[in-house]
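Working notes, structure below.
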Amino acid sequence: MERMSNAIFRDETIHRERMQAIIAAHPRAATFESCRFDGGDFSRLDMDGVQFNQCSVTGANWLAASLEESRWSKCRGAECDFSSALLSDARFSHCDLNNSHWRRATLSSVQFADCKLTGAHLQEVTGWALEFRDCLLVSADLRGLSFRKAQLDGMDFSDAELSGCDFRDAVFNGGSLRNAQTRLTRFEGADLRGTDISGLNVMDAKLFKKAVISQRQAAAALAAFGLIVA
């Protein structure tokens, strides 16, 4: 859908009633610059196409809201809640979303670039072509998420809960899987040479069949089992 000329709102504190008035007057055409949404309740509102630049959304509630094709740049949103939200084709860039909640959100074709998602909860999200690049997902809960055939650049999954995730044929460039929880996680055909795999049990042949690791990584994995490579 073609965008209308955006109505820009700057340096405001936005509450639910104000947001309802804005999206009624400017559907798909509102841009918020340096606005504050902290602790606000925006659940179940239709905010498709809205743009948020350098906004504070700490603790804001977006439960079951429609935010398709929304744009989020340099926003701060610790503890915000996107559970069950519709976010298809949304873009998040350089955002701090630590300890945010996304359970059962629809994330088809969503992109996260240079975002902090430490401690984020992304269980049971749905959708396809979800893309992460240069993101911190330290200690995040990503159980069951699919990264099959993904190009994973600069992703830090240290100490993350990755049980049941699908990394088949994924390629890791930089980043870390250090001490991640990987019960029943699938890595068949994955290229792990570019990431830190300290603490992973890569000796589980069933889950790591045809995965590629470097000689250095292989030696470290064997050493973890008390074996010495001579």
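Counting only distance, with no hydrogens or angles, the side chain of N98 and the backbone of S100 share no donor-acceptor pair below 3.5 Å. No donor-acceptor pair under 3.5 Å is formed between the side chain of R104 and the backbone N or O of W102. When atom types are taken as modelled, the side chain of D153 and the backbone of D134 share no donor-acceptor pair closer than 3.5 angstrom. In terms of modelled atom types and a separation under 3.5 Å, the side chain of R16 and the main chain of S43 share a donor-acceptor contact. With hydrogens and angles disregarded, no donor-acceptor distance shorter than 3.5 Å links the side chain of D38 to the backbone of G40. No donor-acceptor pair closer than 3.5 Å links the side chain of Q123 to the backbone N or O of V125. Under a 3.5 Å cut-off, the side chain of S70 and the backbone N or O of A90 do not form any donor-acceptor pair.
Smallest separation of non-hydrogen atoms from L87 and A105: CD1-CB, 4.4 Å. Here the shortest heavy-atom pairing between L137 and M155 reads CD1-CE, 3.2 Å. Residues V110 and R91 share a closest heavy-atom pair of CA-NH1, 4.2 Å. Between L97 and L117, the shortest heavy-atom contact is CB-CD2, 3.7 Å. Nearest heavy atom pair, residue N53 against residue C75, reads N-SG, 4.4 Å. Closest approach of S109 and D89 over heavy atoms only: CB-OD1, 3.3 Å.
Side-chain atoms of S158 and S176 form a donor-acceptor pair, as typed in the model, at a separation below 3.5 Å. Checked by atom type, the side-chain pair D81/N61 shows no donor-acceptor distance below 3.5 Å. Side chains of R36 and S56: a donor-acceptor N/O pair is absent below 3.5 angstrom, by distance only. For S66 and E68, the side-chain atoms include no donor-acceptor pair closer than 3.5 Å. In this model, no donor atom of one side chain and acceptor atom of the other lie less than 3.5 Å apart for S139 and D159. Defined by atom type and a distance below 3.5 Å, a donor-acceptor pair is present between the side-chain atoms of S198 and R178. Under 3.5 Å, the side chains of S34 and D11 contain no donor-acceptor pair of N or O atoms.
Under the 4.5 Å side-chain criterion, counting only non-hydrogen atoms from C-beta, D141 is not in contact with L122.
Note that OG of S84 is 9.0 Å distant from CZ of R103, once rounded to the nearest 0.5 Å. With rounding to the nearest 0.5 Å, the separation of CG in D156 from CG in L152 is 12.5 Å. Residue W72 holds its CH2 atom at 11.5 Å from CD of Q51, rounded to the nearest 0.5 Å. Rounding to the nearest 0.5 Å places OG1 of T182 at 9.5 Å from CZ of F167. To the nearest 0.5 Å, the span separating CZ on R10 from CD on Q54 amounts to 11.0 Å. Here R168 contributes atom CZ and K210 contributes atom NZ; the two are 13.0 Å apart, rounded to the nearest 0.5 Å.
One hydrophobic cluster, built from ILVMFWY side chains closer than 4.5 Å, cannot hold both L207 and V212; they sit in different ones. Under the 4.5 Å side-chain heavy-atom criterion for Ile, Leu, Val, Met, Phe, Trp and Tyr, F172 and V138 are members of distinct hydrophobic clusters. Linking Ile, Leu, Val, Met, Phe, Trp and Tyr residues whenever their side-chain heavy atoms come within less than 4.5 Å places L192 and F147 in a single cluster. Both I23 and F32 sit in one connected hydrophobic cluster of ILVMFWY residues. Membership requires side-chain heavy atoms under 4.5 Å apart, directly or through other members. M19 and L63 are not part of a single hydrophobic cluster, where members link through side-chain heavy atoms under 4.5 Å apart.
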**Message:** Apply side chain to side chain contact (heavy atoms under 4.5 Å, CB included) to residues L45 and Q20 and explain how you reach the verdict.
**Reply:** CA-CA 8 Å; L45 296 183; Q20 288 175 309; 3.8 Å; yes
**Message:** Working note: T31 + F9, criterion side chain to side chain contact (heavy atoms under 4.5 Å, CB included); need CA distance, chi angles, decisive distance, verdict.
**Reply:** CA-CA 6 Å; T31 294; F9 303 87; over 6 Å; no
**Request:** Check the pair F37 / T58 against side chain to side chain contact (heavy atoms under 4.5 Å, CB included), numbers first and verdict last.
**Result:** CA-CA 7 Å; F37 298 82; T58 300; over 6 Å; no
**Prompt:** Yes or no on side chain to side chain contact (heavy atoms under 4.5 Å, CB included) for F52 and S73, after CA distance, side-chain angles and deciding distance?
**Reply:** CA-CA 6 Å; F52 302 86; S73 177; over 6 Å; no
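More than 12 heavy atoms of other shown residues, nucleotides or ligands fall within 6.0 angstrom of atom CZ in R148.
Between R143 and E124 there is no salt bridge, since none of the side-chain N atoms of the basic residue sits less than 4.0 Å from a carboxylate O of the acidic one.
Relative ring orientation between F82 and F92 is described as perpendicular, the plane-to-plane angle rising above 60° on a 0-90° scale split at 30° and 60°.
Taking the six-membered ring for Trp and the full ring otherwise, F132 and F157 have centroids separated by 6.0 Å or more.
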